[in-house]
Structures are given as C-alpha cells and as structure tokens.
Amino acid sequence: DLSEFYVYSPSGTSAEELAKKVGIRWAPGLDTITDPEWVWIGCKPQQLQELALQMKGKYHKALVVSMLAALAE
C-alpha cells in the first residue's frame with residue numbers, strides 16, 4: 001500500500017502520471033506536503049539548487065535522502 005506516499009515534480013505532469021499508475025498521492029506543490037517523516041529527493045544535479053530554494057524552511061523534522069540522477073563518463 002503506497003497510498004501514504006506523495007510524489008512531486010516541477011511540471012506536475014510526470015508526477016501526476018506516476019501517482020495514477022502506482023497508487024500514490026500527487027502533490028501539485030511542495031506546500032501540499034506537510035510534516036513528513038522522510039523526504040526522498042530524486043532529481044538531476046542541475047535541478048538541485050532550484051529544489052533547495054523551494055524546500056527552504058520546510059520539512060525541519062524530516063530525514064532527507066538524496067538520490068541525484070547522473071551518468072559518469
């Protein structure tokens with residue numbers, strides 16, 4: 001049961017599609033997710049700075065885990 005998980009993406013499109021496919025909640029914005037225990041970040045390195053600005057001041061009690069998506073050459 002994944003119904004207590006949220007997924008977010010800046011455009012909203014991919015997150016909404018994923019939510020429908022796997023039965024999780026779609027968050028149209030980070031303000032809709034309140035007081036999580038965990039925050040899992042999966043983004044491209046070039047997106048991290050903008051995401052950090054959006055997350056600033058949120059999720060103080062959460063354990064944050066980052067899985068940056070990148071390819072090593």
Side-chain angles (χ1 to χ4, degrees):
D1 180 17
L2 300 174
S3 64
E4 294 199 27
F5 288 83
Y6 285 87
V7 64
Y8 165 78
S9 65
S11 71
T13 306
S14 59
E16 187 174 16
E17 290 174 11
L18 178 63
K20 289 177 184 176
K21 286 181 185 178
V22 299
I24 58 180
R25 297 177 190 187
W26 167 62
L30 294 179
D31 291 334
T32 61
I33 305 169
T34 58
D35 201 27
E37 290 182 44
W38 293 77
V39 174
W40 289 81
I41 299 171
C43 66
K44 297 174 184 172
Q46 62 268 28
Q47 296 171 312
L48 190 56
Q49 185 173 9
E50 179 63 30
L51 181 59
L53 291 173
Q54 292 177 16
M55 289 179 59
K56 187 175 184 177
K58 296 176 176 59
Y59 318 132
H60 295 291
K61 297 178 185 176
L63 177 63
V64 178
V65 179
S66 176
M67 308 168 289
L68 291 178
L71 292 174
E73 292 188 30

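Reckoned from all heavy atoms, side chains included, excluding hydrogens, waters and symmetry mates.
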Check your understanding: Do Leu63 and Met67 sit in the same hydrophobic cluster, where Ile, Leu, Val, Met, Phe, Trp and Tyr count as joined when their side-chain heavy atoms come under 4.5 Å apart?
Key ->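 In one cluster with Leu63: Met67, yes.
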
Check your understanding: Which is it for Val64 and Ile41 under the side-chain contact (heavy atoms from CB on, under 4.5 Å) test, yes or no, and what are the steps along the way?
Key -> CA-CA 7 Å; Val64 178; Ile41 299 171; 3.7 Å; yes

Practice item. State which residues pass side chain to side chain contact (heavy atoms under 4.5 Å, CB included) with Ser14; sequence neighbours excluded, sorted by chain then number. Key: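 Side chain to side chain contact (heavy atoms under 4.5 Å, CB included) check on Ser14 returns Ser9.
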
Point to revise | ring pair (Phe, Tyr, Trp, His ring centres under 6.0 Å) involving Trp40 - partner list, sequence neighbours excluded | key: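 Partners of Trp40 by the ring pair (Phe, Tyr, Trp, His ring centres under 6.0 Å) criterion, ordered by chain and then number, come out as Trp38.
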
Practice item. Determine yes or no for a side-chain-to-main-chain donor-acceptor pair under 3.5 angstrom, with Gln47 supplying the side chain and Lys44 the backbone. Key: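 Answer holds: yes.
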
Distance-only donor-acceptor pairs under 3.5 Å for side chains of residues 22-35, two or more places apart:
unit_1 : atom_1 : unit_2 : atom_2 : d
Arg25  : NE     : Ser3   : O      : 2.8
Arg25  : NH1    : Tyr6   : OH     : 2.9
Trp26  : NE1    : Gly12  : O      : 3.3
Asp31  : OD1    : Lys58  : NZ     : 3.2
Thr32  : OG1    : Gly29  : O      : 2.6

Practice item. List, by chain and then residue number, the residues other than Leu53 in its hydrophobic cluster (Ile/Leu/Val/Met/Phe/Trp/Tyr, side-chain heavy atoms under 4.5 Å); write none if there are no others. Key: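 Members other than Leu53 - counting any ILVMFWY side chain reachable under 4.5 Å - there are none.
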
Point to revise | Closest heavy-atom pair and its distance - Val7, Ala19 | key: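 For Val7 and Ala19, the tightest heavy-atom pair comes out as CG1-CB, 3.9 Å.
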
Point to revise | Flag if over 12 foreign heavy atoms under 6.0 Å of OH, Tyr59 | key: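 More than 12 within 6.0 Å, yes.
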
Check your understanding: Say you draw a straight line from CD of Glu50 to SG of Cys43; how long is it, rounded to the nearest 0.5 Å?
Key ->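 So the gap between those two atoms works out to 11.0 Å.
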
Exercise for review: Mind checking side chain to side chain donor-acceptor pair (under 3.5 Å) for Tyr8 and listing every partner two or more places apart, or none if nothing turns up?
Suggested key: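 Applying side chain to side chain donor-acceptor pair (under 3.5 Å) to Tyr8 gives Gln54.
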
